[in-house]
Protein chains: 2
Amino acid sequence: MSRLLKQQQALLPAPAHELAEQMAEAGYKVTQPRLAVLRAAVALDKAFTVHELEQWLLERNESPGIASIFRTVKLLCDLELFQRIHGLEDCHRYSISGGHAHHLICVSCGALKSFDNCGLRDLITTLEQQTGYHINDHVLELFGHCPRCLTV
Amino acid sequence: MSRLLKQQQALLPAPAHELAEQMAEAGYKVTQPRLAVLRAAVALDKAFTVHELEQWLLERNESPGIASIFRTVKLLCDLELFQRIHGLEDCHRYSISGGHAHHLICVSCGALKSFDNCGLRDLITTLEQQTGYHINDHVLELFGHCPRCLTV
DNA sequence: GGTAGTGTTGATACAATATCTCAATATATG
DNA sequence: CATATATTGAGATATTGTATCAACACTACC
């Protein structure tokens with residue numbers, strides 16, 4: 001098994017209670033509305049929108065106010081437990097982060113795989129030398145079709 | 001001079017009349033509002049927002065309605081003459097595309113360099129083999145400070 | 001147990017980005 | 001010129017998100 005595959009398997013999303021724990025460690029209270037958002041995000045198991053979180057919760061009659069959902073998503077992004085997804089058309093999706101930066105996203109169903117070995121170091125070094133820029137961050141997202149959607 | 005540097009120098013943004021020509025070739029009329037947007041985008045010479053286009057044009061008393069600016073930006077994105085920039089915080093900036101996908105952006109002043117040799121082929125092949133996904137698109141943006149902003 | 005201080009919530013107002021609607025206008029074609 | 005089509009501008013609407021603020025909940029202290 002290659003090193004890259006091992007890494008990917010290590011990047012499974014954390015379960016809700018683990019995310020809750022990290023929130024508590026960061027000094028935030030693990031309230032019912034926040035837990036609800038965590039449960040929804042874990043259950044959706046893909047790149048989700050705030051609207052999708054709300055729908056999932058409404059169907060189970062446990063949706064907090066929409067403001068609290070937005071607030072919780074923002075908080076979790078700040079804590080780097082969630083991450084904004086840069087889509088091809090819009091950037092209104094989020095994922096459970098796992099602390100890693102990059103995603104492979106199915107444009108058909110939203111299924112998402114995370115990875116962290118983006119292999120951009122050489123490109124960054126080259127560009128820095130050629131442009132004089134100091135590069136300290138990047139966005140990388142890959143899009144395609146997951147095996148399931150390829151067979152449908 | 002390396003091959004990569006040559007490529008970058010070839011990726012200078014097209015002048016307004018050239019963009020207008022491509023619009024005409026695609027079957028769209030080159031109207032005054034559309035030309036105004038092209039001029040503003042070329043003049044701004046960086047990753048710009050629709051609001052910045054409008055401001056530039058208002059200062060010269062030649063701003064079309066905001067709806068037409070949005071429409072023109074969308075049209076130019078569809079024609080791949082403009083391209084949406086995926087920023088670290090939001091995704092509301094655009095650039096003149098040159099038909100190429102990637103940018104190096106100064107987070108301080110918005111200065112922008114484009115390049116097309118992203119060197120992701122190996123990563124994409126590896127990920128396809130390991131995940132079974134078919135990857136057919138990607139977003140890559142690099143962020144840092146340009147030489148000018150580094151000295152200030 | 002009561003009280004003060006802090007954090008959180010939910011409803012609502014607001015903001016920013018973008019699209020839709022539709023009558024008026026401009027442009028191209030016969 | 002007449003007609004058909006494309007485009008515009010104004011304003012309404014949609015979507016995504018943040019700000020405000022009173023009510024509530026939890027914690028620590030007395």
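Every chain is numbered from 1 and lettered A, B, ... according to where its sequence line falls, protein lines coming before strand lines. The basis for the numbers below is simple: all heavy atoms, side chains too, and nothing from hydrogens, waters or symmetry mates.
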Inset, instruction - Produce a footprint string for nucleotides 18-30 of chain C: one letter per nucleotide, 5' end first; B if the base is under 4.0 Å from any protein heavy atom, S if only the sugar-phosphate is, - if neither. - result: BBBB-----BS--
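When hydrophobic residues (I, L, V, M, F, W, Y) are linked wherever their side-chain heavy atoms come within less than 4.5 Å, B:Val152 remains an isolated member. Hydrophobic clustering, defined by side-chain heavy atoms of Ile, Leu, Val, Met, Phe, Trp and Tyr closer than 4.5 Å, groups A:Ile105 together with A:Ile85, A:Leu88, A:Val107, A:Leu112, A:Val139, A:Phe143, B:Ile85, B:Leu88, B:Ile105, B:Val107, B:Leu112, B:Val139, B:Phe143.
To the nearest angstrom, P of C:dT17 lies 11 Å from CD of B:Gln55. If you take CG of A:Leu38 and P of C:dT8, they are 14 Å apart, rounded to a whole angstrom. If you take CG of A:Leu35 and P of C:dT8, they are 13 Å apart, rounded to a whole angstrom.
A donor-acceptor pair under 3.5 Å links the side-chain atoms of A:Thr125 to the main chain of A:Arg121, judged by distance alone.
In A:Arg148, the CZ atom is not crowded: 12 or fewer heavy atoms of neighbouring residues, nucleotides or ligands sit closer than 6.0 Å.
Among pairs with a residue in residues 16-25 of chain B, none fulfils side-chain hydrogen bond (donor to acceptor under 3.5 Å, both in side chains), at least two apart in sequence or across chains. For residues 53-84 of chain A, the set of pairs meeting the ring-ring contact (aromatic ring centres under 6.0 Å, His included) definition, not counting sequence neighbours, comprises A:Phe48-A:Phe82.
Contact check for B:Leu76 versus B:Leu38: side-chain heavy atoms found under the 4.5 Å cut-off.
Contact footprint of chain A on DNA chain D: nucleotides with an atom under 4.0 Å from a non-hydrogen protein atom, first to last in 5' to 3' order, D:dT16 to D:dT20.
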Inset, instruction - Decide side chain to side chain contact (heavy atoms under 4.5 Å, CB included) for B:Tyr94 and B:Gln83; before the verdict, give the C-alpha distance in whole Å, the side-chain angles of both, and the deciding distance to 0.1 Å. - result: CA-CA 5 Å; B:Tyr94 302 84; B:Gln83 197 176 330; over 6 Å; no
